[in-house]
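Order of the sequence lines fixes the chain letters, A, B, ..., with proteins taken first and strands second; residue numbering starts at 1 for each chain. Note that the coordinates shown come from a computational prediction; the quantities given were computed from them, not determined experimentally.
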There are 2 protein chains.
Amino acid sequence: MTEAKQRTRERISRRQVDKFAERRAQLADSALRTLAELGYARTSLREIAQNSEFSHGVLHYYFADKVDLLTHCVRQFEEACVTRYDEIVARANDADELAREFAGAMAGTLDADAQMHRLWYDLRNQSLFEESFRADVLEIDRRREEMITHVVVRYAELLDRPVGLSTSVAYAMFDGLFQQMLLWHLAGDERATATLTAEVPALLRRVVVQPQPADY
Amino acid sequence: MTEAKQRTRERISRRQVDKFAERRAQLADSALRTLAELGYARTSLREIAQNSEFSHGVLHYYFADKVDLLTHCVRQFEEACVTRYDEIVARANDADELAREFAGAMAGTLDADAQMHRLWYDLRNQSLFEESFRADVLEIDRRREEMITHVVVRYAELLDRPVGLSTSVAYAMFDGLFQQMLLWHLAGDERATATLTAEVPALLRRVVVQPQPADY
DNA sequence: GAATTTTCTAGACAGTTGTCAAGAAAATAC
DNA sequence: GTATTTTCTTGACAACTGTCTAGAAAATTC
């Protein structure tokens, strides 16, 4: 009896927790859509609520305050933001194919998810001014670096050559290139996608193939 | 008489214009200091005025509205933001020296002007969400690319080798590296400066020295 | 189906924002 | 030295912000 009750209660409680967490996720999703559209500076709680099916009051039922909501957003954002190239890495039979597929995937997400990517850079930049997201942002950045590292290491493997750079620097270079192409893309320059497609394989070669030490 | 009067008037008018422009510059400077400290999202007109020696009303005497002020800020920001390496380029006698001096200068400004640099990235990002600054931001970005190009081209010259990359891509890579190191630096990672100092020459080599085509 | 709990709405609050206007203060003109 | 123009301050305004509360609506429990 007591046992049964307790089990029931636990089940209910878990279901409630799940529903609670589900709604939090749903609201965080609305918040992310708003952020991607307006940017961090212009996103308000009421605007977020209008992008959901609820009124602005709910936000304070599911989140303690704005920082709580935004922190949750950043955490939830990771899945969407860290583009996974694992499949490409696993499938590629040779270095050239890997390079082509990787470049194509980056160019694809540049086109398809431009809003999301600009939000990422916006949030990462916010973390330079505000402490609150910094830890989560750095964690996401680490994951992104990890993904790039996977590709680079596998590419080097397929060429049977060592990676000639620290993974952090390799990531910084690919990220810099991607960010610049995002800038082009959102400024209306149609060459962005093509440039990215062309330059990513070139960059891969440059990261792996070492310069000849005899020449300098 | 009429002539003299007119000349006087012109002189006065020009002086007034100068004073007017001077005060605008002064206020824009206060605005930039505020922006560098708080970031775009948290900078208000009253906060800017408090960082100046005037009250908040003046801002609307010298600027039509907030966008006018911020646009002026971005334009004025260029001088501060585009770090010049011309002297280093002119002075360097060989490639190694150029690489070392360039890396040192970048590391120096990373340490000394971190706030200014994070503001630059903040403003550049804002331009992804808002039309108003975009043109000016792109212009500054072009100048920055130009500066990097100077260094890279000169470096290649000193080695008597061609630059193996488009200048845009080279800029994107150096900027990506710098931005990542800024992220580290502002997150309290002391290795940022040293890493930048070490990796910039390595990157220079990689940009100039071409991979051997026989190997892939 | 009544009682209770969970979920959500609507509105109020205090503070902040960009903007503007009336007039004080200062500089300049005559 | 007075008149006029330029410069700056002060306070007000409407709109918006994050936050909180009272209570309606819905779901759940027994």
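In this structure, A/Tyr61 atom OH and C/dT5 atom C1' are separated by 9 Å, rounded to whole Å. Rounded to a whole Å, the CD atom of B/Glu22 is 12 Å from the P atom of D/dT7. Summarising the geometry, the separation between CG on A/Leu59 and P on D/dC20 is reported as 13 Å, rounded to the nearest angstrom. Distance CZ (B/Phe54) to C1' (D/dT7): 9 Å, rounded to an integer number of Å. We find that CZ of B/Arg23 is positioned 11 Å from P of C/dA27, with the value rounded to whole Å. Rounded to whole Å, atom C1' of D/dT28 lies 17 Å from atom CZ of A/Phe20. Between A/Phe63 atom CZ and C/dC8 atom P the separation is 12 Å, expressed in whole Å. Atom CD1 of A/Ile48 is separated from atom P of D/dG18 by 8 Å (rounded to the nearest Å).
The side chain to side chain contact (heavy atoms under 4.5 Å, CB included) test with A/Phe178 is passed by exactly one of A/Leu110, A/Val200, A/Thr83: A/Leu110. The side chain to side chain contact (heavy atoms under 4.5 Å, CB included) with A/Leu196 is formed by just one residue from the set A/Gln180, A/Arg191, A/Met181, A/His185; it is A/Met181.
Salt-bridge check for A/Arg118 with A/Asp122: failed, with every basic side-chain N at 4.0 Å or more from each acidic carboxylate O. A salt bridge does not link A/Glu97 to A/Arg100: none of the charged nitrogens lies less than 4.0 Å from a carboxylate oxygen. A salt bridge links A/Arg142 with A/Glu146: the distance from a Lys NZ or Arg NE/NH1/NH2 to an Asp or Glu carboxylate oxygen falls below 4.0 Å. A salt bridge links A/Arg143 with A/Glu139: the closest approach of a Lys/Arg side-chain nitrogen to an acidic carboxylate oxygen falls below 4.0 angstrom.
Pairs engaging residues 49-61 of chain A under the side-chain hydrogen bond (donor to acceptor under 3.5 Å, both in side chains) rule: A/Gln26-A/Glu53, A/Thr34-A/Asn51 [sequence neighbours left out].
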Per-nucleotide protein contact string for nucleotides 15-21 of chain C (B base, S sugar-phosphate only, - none; heavy atom under 4.0 Å): --BBB--
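With 3.5 Å as the limit, one finds no donor-acceptor pair spanning the side chains of B/Asp68 and B/Tyr62. Judged purely by distance below 3.5 Å, without hydrogens or angles, the side chains of B/Tyr40 and B/Glu130 pair a donor atom with an acceptor atom.
Comparing the start and finish of the helix from C/dG1-D/dC30 to C/dC30-D/dG1, five pairs each, the helix axis swings through 10°, to the nearest 10 degrees.
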